[in-house]
Amino acid sequence: MLASITPLGERSRGSSWSVTAFAFALGAVAGGAALGALAGLVGSALPAGWQWRGVLVLLAAVLALAYDVLPSHGGPPSTRRQVNEDWLTRYRGWVYGLGFGAQLGAGVLTMVSSAATYAAIVAGVLSGTLASGAIVGAAFGAVRAVSIVPAGRVHDWPDLQRLHRGLLGWQQTGRLVSIAIETGAVVLLVAAAT
């Protein structure tokens, strides 16, 4: 999907990359916020008490980190579904940008590549309110929105080839960044608990 929404691709479809990318980012934040709000709403029905919620968030972060550090299992449980690329020729750029972003921002509507996705949902549930769950989800969606940035450099065929090569090279880097963020979250949660 990332290689489909580029200045080169948008120009070929008569769309503006800036508009489509903005819609994608907006959709990712909104999709994350919507899932987070739903998770927070579910969590609002749980018994009050911040201590036990904090312990469970810490446990979810530790489990996500352990799962992602030991990749021999083939990745987290996930659907194999991706966004519908037929939308690229069926709808205007801002429509598919918003739709793709919302699906990716929600995290679980497409293929899940890191257990951090599930830890974020657990954090949304354990936040205990619709508003705080929405904040957790929006932050998750914002991180997903950043994925469109490298595509902004694709103005011709050689740029697109470089992007594809770069994406293949970034897989391991992305995994390490995810593990570093999960580690940081565990450290912060432990520090907050003491």
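Keep in mind that this is a model prediction, so the values were computed, not measured. One is the number of the first residue; the rest follow in order along the sequence.
Residues satisfying the side chain to side chain contact (heavy atoms under 4.5 Å, CB included) test with Leu46, not counting sequence neighbours, are Trp52, Arg53, Val125, Leu126. Remark: Ala102 pairs with no residue by the side chain to side chain contact (heavy atoms under 4.5 Å, CB included) rule, at least two apart or across chains. The side chain to side chain contact (heavy atoms under 4.5 Å, CB included) search around Val62 returns Leu58, Val186, not counting sequence neighbours. For the side-chain hydrogen bond (donor to acceptor under 3.5 Å, both in side chains) test, residues two or more places apart in sequence or in another chain that qualify with Asp159 are Arg162.
We find the CG-OH distance between Asn84 and Tyr96 to be 13.0 Å, quoted to the nearest 0.5 Å. Note that CD1 of Ile179 is 7.0 Å distant from CG of Leu65, once rounded to the nearest 0.5 Å. Ile5 CD1 to Ile148 CD1: the interatomic distance, rounded to the nearest 0.5 Å, is 4.5 Å.
Screening residues 136-156 for salt bridge (Lys or Arg N to Asp or Glu O under 4.0 Å), with sequence neighbours left out, gives no hits. Within the structure, no pair that satisfies the salt bridge (Lys or Arg N to Asp or Glu O under 4.0 Å) test touches residues 183-194, not counting sequence neighbours. Residue pairs meeting the side chain to side chain donor-acceptor pair (under 3.5 Å) criterion with at least one member in residues 15-40, sequence neighbours excluded, are Glu10-Thr20.
Grouped by direct or indirect side-chain proximity (heavy atoms under 4.5 Å, Ile/Leu/Val/Met/Phe/Trp/Tyr only), Ile181 sits with Val177.
With hydrophobic clusters built from ILVMFWY side chains whose heavy atoms lie under 4.5 angstrom apart, Val83 shares a cluster with Leu88. In the hydrophobic cluster analysis, where Ile, Leu, Val, Met, Phe, Trp and Tyr join through side-chain heavy atoms closer than 4.5 angstrom, Trp87 is grouped together with Val19.
Minimum interatomic distance between Pro150 and Ser147 (heavy atoms only, all atoms of both residues): CD-O, 3.3 Å. Nearest approach of Gly124 to Val136, heavy atoms of both residues: N-CG1, 4.0 Å. Summarising the geometry of Pro7 relative to Ala151, their closest heavy-atom pair is CD-O, 3.0 Å, with the distance given to 0.1 Å.
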Atom pairs and distances, donor-acceptor, side-chain atoms in residues 104-118, under 3.5 Å, two or more places apart:
{"unit_1": "Ser114", "atom_1": "OG", "unit_2": "Asp68", "atom_2": "OD2", "d": "2.6"}
{"unit_1": "Ser114", "atom_1": "OG", "unit_2": "Ala116", "atom_2": "N", "d": "3.1"}
{"unit_1": "Ser114", "atom_1": "OG", "unit_2": "Ser178", "atom_2": "OG", "d": "3.0"}
{"unit_1": "Ser114", "atom_1": "OG", "unit_2": "Glu182", "atom_2": "OE2", "d": "3.4"}
{"unit_1": "Thr117", "atom_1": "OG1", "unit_2": "Ser114", "atom_2": "O", "d": "3.3"}
{"unit_1": "Tyr118", "atom_1": "OH", "unit_2": "Pro77", "atom_2": "O", "d": "2.4"}

Please tabulate, for side-chain N and O atoms in residues 22-37, each donor-acceptor pair with protein atoms closer than 3.5 Å (sequence neighbours left out).
none

(request) With side chain to side chain donor-acceptor pair (under 3.5 Å) as the test, would you mind laying out the steps for Tyr91 and Arg13 before giving the verdict? (result) CA-CA 10 Å; Tyr91 302 112; Arg13 291 185 286 274; over 6 Å; no

